[in-house]
Amino acid sequence: MERIAIYPGSFDPVTNGHMDIIKRGLALFDKIIVTILENPAKQTLFTVSERVDLLQESLKEADRIEIASYGGLLVDYAVQRNATAILRGMRAVSDFEYEFQMALMNRKLNREVQTVFLMTGLRWIFTSSSIIKEAVKFGGDIKTMVPPVVHAALKKKLNL
Ligand code: PNS
């Protein structure tokens, strides 16, 4: 049986931290569906279609990856795609409570779908899409923290 995982997130935009989780996740799963879902707590800088394009471009050389977007519940999409796992990256302790709550809610909604966490690589422990957007907005150099296509898209979007 093919082991399929959904790697869900806002990806606004995709960062090298996400890329690291995806590449390491491929050692555990036959296929990873990187899926943009709605996080009602977040206002996004990029549209869904822009985020899909950025993921597609950043991951064009990766095998066994699919990029998708979905407008409903994560566990419903996992069932729809025959995925048995949800892959998430965990950074510092500060992520724990949010991830714990989300994993337990998803488990309550569907006990067949397991959440699997990978610890973020040390290099990326301090990065997030939000803090990268803030830094770049005020002129910070974030080139090493995102794929080149994302760097260019951020500069264009923010008229820098
Ligand atoms: O990158 P993020 O913003 O931390 O990702 C959060 C996301 C998009 C994975 C989460 O908000 C989500 O799963 N949204 C879809 C709706 C859903 O199923 N929520 C979880 C159970 S309430």
Side-chain angles (χ1 to χ4, degrees), residues 3-26 28-29 31-59 62 65-137 142 145-147 149-151 153-154 157-158:
R3 291 164 308 165
I4 303 173
I6 305 281
Y7 180 41
S10 302
F11 302 108
D12 185 49
V14 58
T15 68
N16 285 346
H18 296 128
M19 299 285 284
D20 178 53
I21 297 292
I22 293 166
K23 283 177 187 155
R24 286 159 55 212
L26 284 171
L28 300 174
F29 299 102
K31 177 176 177 175
I32 297 179
I33 306 172
V34 183
T35 310
I36 295 168
L37 285 124
E38 196 187 328
N39 180 342
K42 286 185 183 168
Q43 251 204 319
T44 61
L45 178 65
F46 293 99
T47 64
V48 171
S49 100
E50 287 170 333
R51 284 178 276 156
V52 166
D53 288 349
L54 290 174
L55 276 164
Q56 231 134 28
E57 190 59 29
S58 304
L59 288 159
I65 295 284
E66 184 185 323
I67 314 298
S69 64
Y70 186 72
L73 265 187
L74 169 56
V75 287
D76 288 348
Y77 189 62
V79 170
Q80 203 173 301
R81 298 305 312 270
N82 290 321
T84 48
I86 293 166
L87 175 65
R88 290 285 289 179
M90 180 103 74
R91 286 166 303 195
V93 183
S94 50
D95 279 348
F96 181 79
E97 212 170 323
Y98 169 60
E99 293 297 337
F100 185 62
Q101 191 178 25
M102 207 153 61
L104 289 185
M105 174 55 100
N106 285 329
R107 183 163 165 73
K108 188 81 187 159
L109 294 171
N110 188 327
R111 294 183 71 79
E112 306 302 315
V113 183
Q114 309 299 333
T115 301
V116 173
F117 291 103
L118 286 180
M119 295 311 295
T120 294
L122 258 189
R123 275 183 82 187
W124 313 117
I125 211 108
F126 65 95
T127 62
S128 68
S129 299
S130 309
I131 207 158
I132 286 172
K133 281 183 285 187
E134 183 175 325
V136 76
K137 206 176 281 180
I142 51 84
M145 302 172 204
V146 292
V149 66
V150 171
H151 185 233
L154 277 168
K157 181 69 101 178
L158 298 166

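Not measured: the values here are computed from a predicted model. Order of appearance sets the numbers: ligands from 1, and atoms from 1 within every ligand.
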Quick check on contacts: which atoms of ligand 1 are under 4.0 angstrom from a heavy atom of M105? 21 (C), 22 (S)
Heavy-atom nearest option to atom 18 (O) of ligand 1, drawn from L74, I6, D12: L74
Evaluate the side-chain proximity of M145 to T15: yes if any heavy-atom separation is below 4.5 Å, no if none is. no
Report the distance from atom CD of E99 to atom CD of Q101, rounding to the nearest 0.5 Å. 10.5 Å
Carboxylate-amine/guanidinium contact R123 D20, below 4.0 Å: no
Ligand-side contact atoms (ligand 1) for residue partner K42, heavy atom cut-off under 4.0 Å: 1 (O), 2 (P), 3 (O), 4 (O)
Less than 3.5 Å between some nitrogen or oxygen of V75 and one of ligand 1, yes or no? no
Side chains of L45 and L154: does their closest heavy-atom pair fall under 4.5 Å? yes
Given that the side chain starts at C-beta and the backbone is N, CA, C, O, which of these parts of E38 lies under 4.0 Å from ligand 1, counting heavy atoms, or is it both or neither? backbone
N106, any N or O under 3.5 Å of ligand 1 N or O: no
Would you call the rings of F96 and F100 parallel, tilted or perpendicular if under 30° counts as parallel and over 60° as perpendicular? parallel
Is ligand 1 under 4.0 Å from a heavy atom in the side chain of Y98, in the backbone, in both, or in neither? side chain
R88 and ligand 1 - part of the residue with a heavy-atom distance under 4.0 Å: side chain
Please write down residue, atom name and distance for the protein heavy atom closest to atom 3 (O) of ligand 1. S10 OG, 2.5 Å
Protein heavy atom under 4.0 angstrom of atom 8 (C) of ligand 1, is there one? yes
Strictly under 4.0 Å, does any heavy atom of G72 approach an atom of ligand 1? yes
Where is the nearest protein heavy atom to atom 10 (C) of ligand 1: which residue, which atom, and how far? M102 SD, 3.9 Å
Side chain to side chain contact (heavy atoms under 4.5 Å, CB included) between L118 and L28: does it pass, once the steps are laid out? CA-CA 10 Å; L118 286 180; L28 300 174; 4.1 Å; yes
Relative to the heavy atoms of L73, which atoms of ligand 1 are at a distance of less than 4.0 Å? 17 (C), 18 (O)
With side chains defined as the heavy atoms from C-beta onward, is the minimum distance between F29 and I4 less than 4.5 Å? no
N39 heavy atoms within 4.0 Å reach ligand 1 at atoms 2 (P), 3 (O), 6 (C), 11 (O)
Does the side chain of P13 come within less than 4.5 Å of S129's, by heavy atoms? yes
So, do Y7 and H18 sit near enough that their side-chain heavy atoms are less than 4.5 Å apart? yes
